[in-house]
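One structure below.
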Amino acid sequence: MATDIKDAAHAVDAAAVMRLLPHRPRLLALGEPTHGEDALLELRNELFRQLVEEEGYRTIAIESDCLRGLMVDDYVTSGTGTLDEVMEHGFSHGWGASAANRDLVRWMRAHNDDRPASERLRFAGFDGPLEITGAAGPRQALTALHGCLAARVDADLLPCTEDELDRLLGTDERWTDPAAMRDPSRSVGQSAQARELRLLADDLVALLDACTPHLIRTASRDEWDRARLHGRTATGLLRYHHWMADTSPARLTRLVGLRDRMMAQNLLALAERGPVLVHAHNSHLQREKSSMRMGGAPLEWWSAGAIVSARLGERYAFLPTALGTIHHQGVDAPPPDTLEGLLYALPEDHRVIDAARLAAALGDTRPAPRVSPWFGYAPFDPAHLAGCDGMVFVRDVPRTLGH
């Protein structure tokens with residue numbers, strides 16, 4: 001078996017990845033089993049460079065706030081702002097502090113210098129404006145959508161004025177109270193104003209769709225894309241806030257599912273533009289349902305990857321990353337009877353694994369699921385092997401600056 005597994009392993013590069021796939025996917029999803037390790041992001045960066053140079057990829061999308069990501073895209077495409085400003089304000093979840101993310105943004109800006117628009121690289125966040133402790137208010141998305149339409153369509157077609165939106169939105173603090181995540185009574189998501197805003201947001205999105213030919217002729221496709229993003233985000237946030245105020249047992253399951261639905265909608269929109277490398281946690285990109293325990297209760301929902309795969313079929317490809325060790329987090333060498341343990345016996349540090357050949361080598365043998373001693377690392381579930389187009393294995397994750 002060891003020889004068969006070795007035959008399924010290859011150097012991690014774009015050519016090896018593409019050989020695993022029947023054709024170039026519109027969305028190539030590279031997952032990671034833990035966050036905050038720059039070694040994994042550096043591997044992502046190098047793969048993206050190769051995909052750009054060898055396979056014609058032009059967009060990278062990461063698990064970060066989709067609205068903040070517009071600032072990063074403006075910088076890499078046209079040099080708007082400074083690198084320091086972009087890293088501080090263009091990322092959510094603290095990703096802007098990553099040296100590898102900074103290297104990625106710097107390289108993309110340099111690559112785009114003096115290139116025509118059709119050849120420029122694009123950056124996207126595909127997560128909603130959501131943090132662990134709560135959700136952003138809908139003001140930014142709603143007012144941007146309204147402003148785009150107000151500048152280009154007859155005022156009589158608008159369902160409301162900017163002043164009416166402002167009155168219904170109230171203060172941003174009403175929407176962003178972190179206590180609302182655990183206490184539904186603190187949420188304003190089912191107030192009379194929120195219900196009216198949901199209807200107005202729906203009408204604004206409908207107007208955007210109805211006026212698509214005019215908007216593309218009078219503005220640009222990029223502006224139209226951004227208006228659609230603001231529409232998706234506004235309706236998604238209002239729906240999320242509505243269910244934050246819910247008191248049923250399904251509340252948390254619905255919220256995590258809504259987050260992945262927002263991710264999936266953003267990924268499907270990006271796929272319309274051209275091939276995209278997507279990077280996020282394995283659990284968001286896998287074809288199977290995701291699961292977790294929150295407050296002692298088990299939650300299970302369809303991941304963004306499962307939703308996108310159902311829509312795109314073979315135009316979606318998923319490569320999870322599995323790890324051997326993260327010594328600085330107490331994750332030592334994996335037990336030899338686990339999938340990670342079998343791959344850990346390979347001599348090279350980084351390998352891309354042919355999932356079909358690996359499954360054939362395992363035969364009827366089912367490796368034991370690995371148990372992580374650290375909550376921040378989710379080992380690969382061997383039962384999910386059939387849902388992968390390949391796998392990246394990183395033998396040892398080194399300690400990086402900041403750990």
Side-chain angles (χ1 to χ4, degrees), residues 29-49 59-112 121-137 140 172 176 178 181 233 259 262-263 266 270 276-285 304 321 323 325-331 350 372 374-378 392 394 396-403:
L30 175 65
E32 63 177 5
T34 185
H35 286 319
E37 299 295 342
D38 267 10
L40 302 183
L41 304 190
E42 289 163 4
L43 190 65
R44 172 207 66 188
N45 291 355
E46 180 56 31
L47 180 61
F48 181 56
R49 291 187 190 102
T59 300
I60 187 167
I62 74 166
E63 186 184 336
S64 184
D65 184 329
C66 57
L67 297 186
R68 291 194 189 196
L70 296 175
M71 181 180 186
V72 185
D73 190 53
D74 284 341
Y75 176 76
V76 300
T77 55
S78 59
T80 303
T82 68
L83 181 59
D84 285 343
E85 291 169 345
V86 165
M87 299 313 297
E88 182 176 358
H89 302 293
F91 293 82
S92 59
H93 302 89
W95 303 153
S98 160
N101 281 336
R102 189 181 186 91
D103 288 344
L104 172 69
V105 174
R106 183 190 293 114
W107 176 78
M108 292 177 71
R109 171 84 283 273
H111 182 279
N112 285 342
L121 305 182
R122 304 293 300 272
F123 178 94
F126 72 94
D127 200 354
L130 309 171
E131 294 281 357
I132 294 171
T133 56
Q140 180 184 355
D172 290 342
T176 57
M181 180 54 73
T233 306
R259 180 189 178 195
M262 291 177 72
M263 288 182 170
N266 287 332
L270 289 169
V276 182
L277 176 66
V278 183
H279 189 257
H281 198 279
N282 288 337
S283 63
H284 290 303
L285 301 177
T321 297
L323 304 179
T325 72
I326 321 174
H327 289 303
H328 56 274
Q329 299 290 6
V331 181
H350 305 146
S372 174
W374 175 49
F375 74 95
Y377 160 59
V392 172
V394 176
D396 299 292
V397 176
R399 179 186 294 270
T400 55
L401 190 64
H403 281 122

Using the side chain to side chain donor-acceptor pair (under 3.5 Å) criterion, which residues pair with T59? Sequence neighbours excluded. none

Under the side chain to side chain donor-acceptor pair (under 3.5 Å) test, residues paired with N101 that sit two or more places apart: R44

Sequence neighbours left out, what passes side chain to side chain contact (heavy atoms under 4.5 Å, CB included) with D172? Give chain and number order. R139

Non-neighbouring partners of S98 that pass side chain to side chain donor-acceptor pair (under 3.5 Å), sequence neighbours left out: D38

Hits for side chain to side chain donor-acceptor pair (under 3.5 Å) against T80, two or more places apart or cross-chain, chain-then-number order -> S78

Which residues satisfy the side chain to side chain contact (heavy atoms under 4.5 Å, CB included) test with A39, sequence neighbours excluded? V397, P398

For H281, enumerate each residue passing the side chain to side chain contact (heavy atoms under 4.5 Å, CB included) test, keeping only those at least two apart in sequence or located in another chain. H35, E63, S283, H284, A378

Contact list for residues 73-95, test salt bridge (charged side-chain N to carboxylate O under 4.0 Å, His left out), sequence neighbours left out: D73-R122, D73-R226, D74-R226, D84-R102

Could you pull out all residues at least two apart from D396 that satisfy salt bridge (charged side-chain N to carboxylate O under 4.0 Å, His left out)? none

For N266, all residues meeting side chain to side chain contact (heavy atoms under 4.5 Å, CB included), sequence neighbours excluded: C66, F126, L229, R232

Of all pairs that satisfy salt bridge (charged side-chain N to carboxylate O under 4.0 Å, His left out), the ones with a partner from residues 127-137, not counting sequence neighbours: D127-R259

What residues, two or more places apart in sequence or in another chain, satisfy salt bridge (charged side-chain N to carboxylate O under 4.0 Å, His left out) together with R49? E46

